[in-house]
> 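Pasting a structure below so you can have a look.
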Amino acid sequence: MSATSRPASRVGRPRAQGPSDSSLEPRDQVLVAAAELFTRNGYAATTTRAVAERAGMRQASIYHYFAGKEDILATLLEGTVEPSLSFAAALAASPAADPAAHLWALAARDAEVLLGGLYNLGALYQLPEVRGERFAAFRASRERLKSAYGTLLALVASDATDPALRTDLLFGLVEGGVAVAREGGGRTTREVACAVADAVLRFAGCPPAQAEAARQEGERLL
């Protein structure tokens, strides 16, 4: 995967050793601290005071960057979807390629994004708070990403029945596969991304020869 094709640094995904890393901007220190505390202690149990202390700043300083705890969580969650959504749009702009290769590449990139951060933010998707109005943009972005998967799946498996259900299952395969891999540990992000993308092609019904060709082309697209 070429360095030039990778997305820019993502909000909520800084490659740091922890919230106290002074190389981060204060806003990113807040995001990293919140990501750690939300995933370790739970969203409801984490206060903005605790986030501020973990980030090494006063509680009042958080409000220079975020309106409140919901705003922090929404920013973190949006950062888990936007890079993959941008990549899906770039793939859609080059429709001449094999759709199976596009599907493999999208799944691999999405898995990289979800697994590549310090903390398992995907585990926060099902919080009841995420059904609130502040998270409408995140939910809409996630639906657009799922729709991109569905479009590619329909091209790869045009004769499949109940495409909506199959799209839901495929989307769950990617997110669930990353969650399982994160819990197990011991594998590189690249290994997990390729394994998830391979599983997506098997789910789509690609025979081995087509899947292998799609994987080789998909790796060039990343």
Side-chain angles (χ1 to χ4, degrees), residues 7 9-16 18-19 24 26-55 57 59 61-86 88 106-107 109-150 164-165 167-185 189 192-193 196:
S9 178
R10 299 183 291 276
V11 170
R13 297 270 193 201
R15 307 293 182 176
L24 295 176
R27 182 176 185 275
D28 285 340
Q29 290 185 33
V30 172
L31 289 170
V32 178
E36 178 187 1
L37 295 178
F38 290 167
T39 55
R40 187 183 70 191
N41 300 337
Y43 175 74
T46 299
T47 64
T48 54
R49 180 182 297 277
V51 172
E53 290 176 354
R54 188 72 183 96
M57 62 179 65
Q59 184 179 13
S61 299
I62 285 182
Y63 299 104
H64 292 296
Y65 308 103
F66 301 99
K69 193 168 72 164
E70 276 196 346
D71 197 27
I72 298 172
L73 177 60
T75 301
L76 287 169
L77 295 184
E78 288 162 13
T80 68
V81 175
E82 289 166 355
S84 299
L85 193 55
S86 296
L106 178 58
R109 174 54 57 83
D110 201 13
E112 282 189 326
V113 171
L114 290 170
L115 191 64
L118 289 171
Y119 306 106
N120 183 20
L121 295 175
L124 305 176
Y125 285 178
Q126 303 306 317
L127 286 171
E129 290 84 356
V130 177
R131 294 194 290 268
E133 181 60 29
R134 177 60 185 86
F135 300 92
F138 161 69
R139 295 195 305 271
S141 293
R142 190 161 171 249
E143 282 299 314
R144 287 196 298 273
L145 179 58
K146 183 169 70 173
S147 178
Y149 275 107
L165 175 59
T167 299
D168 285 341
L169 292 173
L170 185 146
F171 200 48
L173 187 160
V174 175
E175 293 183 345
V178 169
V180 169
R182 182 181 282 276
E183 287 295 322
T189 298
V192 173
V196 168

> Would you please test S141 and R144 for side-chain hydrogen bond (donor to acceptor under 3.5 Å, both in side chains) and show each step?
CA-CA 5 Å; S141 293; R144 287 196 298 273; 3.0 Å; yes
> Please name the pair of heavy atoms, one in G79 and one in V113, separated by the smallest distance, quoted to 0.1 Å.
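Looking at all heavy atoms of both residues, the shortest contact is O-CG1, 4.3 Å.
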> Drop me the distance from L85's CG to K146's NZ, to the nearest 0.5 angstrom.
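Rounded to the nearest 0.5 Å, the CG-NZ separation comes to 13.5 Å.
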> Applying side-chain contact (heavy atoms from CB on, under 4.5 Å), can you list everything that pairs with E175, at least two apart in sequence or on another chain?
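Result, side-chain contact (heavy atoms from CB on, under 4.5 Å) vs E175: L114, Y125, R142, F171.
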> Quick check for you: to the nearest 0.5 Å, what is the distance between L118 atom CG and L31 atom CG?
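Reported value, rounded in 0.5 Å steps: 12.0 Å.
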> In Å, rounded to the nearest 0.5 Å, how long is the span from CG of N120 to CZ of R182?
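Rounded to the nearest 0.5 Å, the CG-CZ separation comes to 4.5 Å.
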> Side-chain contact, heavy-atom cut-off 4.5 Å: F138 with T80?
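They are in side-chain contact.
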> Looking at every non-hydrogen atom in both residues, tell me the closest pair between A88 and A148 and how far apart they are.
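Closest approach of A88 to A148: CB-CB, 3.9 Å.
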> Output, in order, the C-alpha distance, side-chain angles, deciding distance and verdict of side chain to side chain contact (heavy atoms under 4.5 Å, CB included) for F38 and I72.
CA-CA 10 Å; F38 290 167; I72 298 172; 4.1 Å; yes
> Looking only at heavy atoms, what is the nearest atom pair of Q29 and L24, with distance?
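That closest heavy-atom pairing would be NE2-O, 3.0 Å.
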> Could you report the tightest heavy-atom contact between T189 and G116, atom names first, then the distance?
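In terms of heavy atoms, the two residues are closest at OG1-CA, 4.4 Å.
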> Tell me, please, which residues at least two apart from S86 pass side-chain contact (heavy atoms from CB on, under 4.5 Å).
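If we apply the side-chain contact (heavy atoms from CB on, under 4.5 Å) test to S86, skipping adjacent residues, there are no hits.
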> Would you please name every residue forming a side-chain contact (heavy atoms from CB on, under 4.5 Å) with T48, sequence neighbours left out?
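For T48 the side-chain contact (heavy atoms from CB on, under 4.5 Å) partners, ignoring immediate neighbours, are Q59, I62, Y63, K69.
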> Going by the rule ring pair (Phe, Tyr, Trp, His ring centres under 6.0 Å), which residues pair with Y65 if we only count those two or more places apart in sequence or in a different chain?
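For Y65 there are no ring pair (Phe, Tyr, Trp, His ring centres under 6.0 Å) partners, ignoring immediate neighbours.
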> Working to the nearest 0.5 angstrom, can you tell me the gap between E36 CD and T46 OG1?
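With rounding to 0.5 Å, CD (E36) is 9.5 Å from OG1 (T46).
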> Mind listing the closest non-hydrogen atom pair of V196 and G177 along with its distance?
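Of all heavy-atom pairs spanning V196 and G177, the closest is CG2-C, 4.4 Å.
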> Tabulate below the donor-acceptor pairs under 3.5 Å that side-chain atoms of residues 126-137 make, not counting sequence neighbours, or state none.
{"residue": "R134", "atom": "NE", "partner": "D71", "partner atom": "OD1", "Å": "3.3"}
{"residue": "R134", "atom": "NH2", "partner": "D71", "partner atom": "OD1", "Å": "2.4"}

> Can you name the ring pair (Phe, Tyr, Trp, His ring centres under 6.0 Å) partners of F66, sequence neighbours left out?
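Scan of F66 (ring pair (Phe, Tyr, Trp, His ring centres under 6.0 Å), adjacent residues dropped) gives none.
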> Do T167 and L170 come within less than 4.5 Å of each other through their side chains, counting heavy atoms only?
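Result no, sub-4.5 Å side-chain heavy-atom pair not found.
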> For T39 and A35, indicate whether the former's side chain and the latter's backbone hold a donor-acceptor pair under 3.5 Å.
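Here the side-chain-to-backbone pair exists.
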> Can you tell me how far CG of L145 sits from CG of D110, rounded to the nearest 0.5 angstrom?
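Going from the CG atom of D110 to the CG atom of L145 covers 5.0 Å.
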